[in-house]
Peer 1: 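The following block contains the structure, expressed as structure tokens.
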Amino acid sequence: MDGLVVVTLHSTHADIVCRAASAGKHVFVEKPLTLTVADARRAATASREAGVVLQVGHHRRFQGATRRVKGLIDSGELGEIYQLEANLSGPSGGSRTGWRSDPAECPAGSMTGLGVHMVENLHYLAGPVKCVSAFCSKISSVGNLDDVTNIIMEFESGTLGYVGTAYGIPKVFNTAAFGTGGNAWSEDEGKRLRKLGIDPSAVEVADLGGLRGGNDTPAETGARARLLIEAAISKLDAYDGFRPENAKMLIAWEEEMSRRSLFTLPPVRYEMIPSIRGEDCFAADGCRICSNLCPHNALAVSPEGRMILSKGRCTGCGACVSACPAGAFDFPGASLPQL
Ligand code: SF4
Ligand code: SF4
């Protein structure tokens with residue numbers, strides 16, 4: 001036997017890891033590593049000195065959209081990262097039994113079961129933490145555990161981060177990064193990436209000459225329009241590789257908003273989706289790999305033999321991007337290894 005997997009009570013992890021290390025065994029230990037900093041240091045030191053691997057079961061960082069948020073940060077597309085947020089919560093607090101309902105094994109409510117994943121996610125996104133404050137609260141009369149825990153972190157980079165976790169509320173599962181170049185969310189258990197900014201295509205089509213009205217002077221109207229266009233250009237620069245065809249707008253502004261309202265509403269929300277470089281695609285030669293595998297029937301061949309992507313149907317899952325043998329897809333913010 002070369003190693004062991006530790007899935008016992010949280011409070012037993014440190015001793016088992018130390019005994020395994022002294023026997024020269026590698027360890028995969030379920031999260032949380034331990035319940036105290038002292039125990040964590042003891043387990044890590046024993047493993048390091050014995051020359052064995054100690055791995056903790058934090059799998060959430062490998063979820064696709066979370067890795068794409070990390071890619072956006074590392075590439076500089078989100079600019080300077082000011083804030084990180086993460087929340088993992090669920091309804092199962094009162095129904096927990098046995099040691100899972102024991103505050104000695106599960107301090108800070110859902111931290112050991114849920115929140116610890118998000119602490120790991122923020123550490124993955126921003127690196128070492130400099131200082132931490134945390135608050136726990138027992139609100140309901142059900143069960144023995146705290147209901148809600150909030151953590152504020154300052155990272156060595158200066159970025160601030162927040163982790164929230166609770167039992168007894170509907171499911172929440174997201175990790176977000178907010179930077180000077182844009183905001184990005186990993187949502188729906190890391191399946192969906194969302195980015196926020198001003199969609200340059202929306203500003204492009206606005207009839208700037210038709211915006212005058214009300215009490216604004218022409219100079220004021222012009223200044224507002226100029227500001228928005230500059231913001232759109234900045235956003236375009238920030239999302240390197242971004243083109244309007246990669247933006248799926250989540251507000252049907254064509255139907256629900258006037259052109260004037262484009263200049264008074266908050267920035268448009270959009271999701272990134274792939275686009276096809278027609279010159280690299282060989283659909284005309286019969287390739288149907290992407291359209292055959294798309295789970296949402298978002299790809300189809302036009303009468304002229306071109307592969308066409310339907311923005312309305314595409315969810316940005318990325319399956320077509322990694323499958324295309326010609327590398328004919330562009331998907332800003334997502335490299336092939338990330339997909
Ligand atoms: S898999 Fe690539 S080359 Fe084949 S049809 Fe789709 S985009 Fe074109
Ligand atoms: S990203 Fe997913 S949904 Fe969109 S076209 Fe490709 S396979 Fe279909």
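Starting from 1, each residue takes its place in the sequence as its number. Whatever order the structure lists ligands and atoms in, that order sets their numbers, starting from 1.
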Peer 1: Where is the tightest heavy-atom contact between L145 and C106, given as atom of each residue plus distance?
Peer 2: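 Nearest heavy atoms, L145 then C106: CD2-O, 3.7 Å.
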Peer 1: List every atom of ligand 1 that sits less than 4.0 Å from any heavy atom of F282, numbering the atoms from 1 in the order shown and giving each element.
Peer 2: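 Counting atoms of ligand 1 from 1, those under 4.0 Å from F282 are 3 (S), 8 (Fe).
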Peer 1: Is there a heavy atom in I273 that sits closer than 4.0 Å to ligand 2?
Peer 2: no
Peer 1: Could you state the interatomic distance from CG (L309) to CD1 (I273), rounded to the nearest 0.5 Å?
Peer 2: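 Reported value, rounded in 0.5 Å steps: 5.5 Å.
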Peer 1: For ligand 1, which atoms have a heavy atom of F329 less than 4.0 angstrom away?
Peer 2: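 Taking each heavy atom of F329 in turn, ligand 1 has 7 (S) under 4.0 Å.
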Peer 1: Which of the numbered atoms in ligand 2 are under 4.0 angstrom from any heavy atom belonging to C320?
Peer 2: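 In order of number, 1 (S), 5 (S), 6 (Fe), 7 (S).
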Peer 1: Is there an N/O/S atom in C290 that lies less than 2.8 Å from atom 2 (Fe) of ligand 1?
Peer 2: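 No, outside the cut-off.
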Peer 1: A quick test of your reading: do over 12 heavy atoms of other residues, nucleotides or ligands sit less than 6.0 Å from OH of Y82?
Peer 2: no
Peer 1: Looking only at protein heavy atoms, identify the closest one to atom 2 (Fe) of ligand 2 and say how far it is in Å.
Peer 2: C317 SG, 2.3 Å
Peer 1: Quick one: which ligand 2 atoms are inside 4.0 Å of a heavy atom on C314?
Peer 2: 1 (S), 3 (S), 4 (Fe), 5 (S)
Peer 1: Would you mind listing which atoms of ligand 1 come within a distance below 4.0 Å of any non-hydrogen atom of C281?
Peer 2: 3 (S), 5 (S), 7 (S), 8 (Fe)
Peer 1: Could you tell me which atoms of ligand 2, counted from 1 in the order shown, lie closer than 4.0 angstrom to a heavy atom of G318?
Peer 2: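 Selected atoms, number and element: 1 (S), 2 (Fe).
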Peer 1: For Y124 and K70, which heavy atoms make the closest approach, and how far apart are they?
Peer 2: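 Between these two residues, the closest heavy atoms are O-NZ, 3.1 Å.
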Peer 1: Can you tell me if D2 has over 12 outside heavy atoms packed within less than 6.0 Å of its CG?
Peer 2: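 Check fails, neighbour count at 12 or below.
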Peer 1: Which ligand 2 atoms, with their elements, are less than 4.0 angstrom from a heavy-atom of P274?
Peer 2: 1 (S)
Peer 1: Between NE2 of H10 and CG of L35, what distance do you get to the nearest 0.5 Å?
Peer 2: 7.0 Å
Peer 1: With heavy atoms of M307 as the reference, note each atom of ligand 1 found under 4.0 Å away.
Peer 2: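 The atoms of ligand 1 under 4.0 Å from a heavy atom of M307 are 5 (S).
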Peer 1: Got an N, O or S from C287 under 2.8 Å of atom 4 (Fe) of ligand 1?
Peer 2: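 Of the N, O and S atoms in C287, at least one lies under 2.8 Å from atom 4 (Fe) of ligand 1, which means yes.
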Peer 1: Determine, step by step, whether E105 and S11 satisfy the side-chain hydrogen bond (donor to acceptor under 3.5 Å, both in side chains) criterion, reporting the C-alpha distance in whole Å, the side-chain angles of both residues, the deciding distance to 0.1 Å, and the verdict.
Peer 2: CA-CA 6 Å; E105 284 294 337; S11 60; 2.4 Å; yes
Peer 1: Examine the side chains of T175 and S186 and answer whether a donor and an acceptor come within less than 3.5 Å of each other.
Peer 2: no
Peer 1: Per the side-chain contact (heavy atoms from CB on, under 4.5 Å) rule, which among D15, V17, T36 passes with R42?
Peer 2: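 Exactly one option meets the side-chain contact (heavy atoms from CB on, under 4.5 Å) with R42, and it is D15.
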Peer 1: I'd like to check which ligand 2 atoms, numbered from 1 as shown, lie under 4.0 Å from a non-hydrogen atom of H296.
Peer 2: 3 (S)
Peer 1: CE of M118 to CZ of F173: how many Å apart, nearest 0.5 Å?
Peer 2: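 Taking CE in M118 and CZ in F173, the distance rounds to 4.5 Å.
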Peer 1: Taking only heavy atoms of L299 into account, list the atoms of ligand 2 that are under 4.0 Å away from them.
Peer 2: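 Those of ligand 2 that fall under 4.0 Å from L299 are 5 (S).
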Peer 1: How far is atom 3 (S) of ligand 2 from its nearest protein heavy atom, and which residue and atom is that?
Peer 2: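 It is T315 N, 3.5 Å.
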Peer 1: Below 2.8 Å, can you find an N, O or S atom of C294 next to atom 4 (Fe) of ligand 2?
Peer 2: no
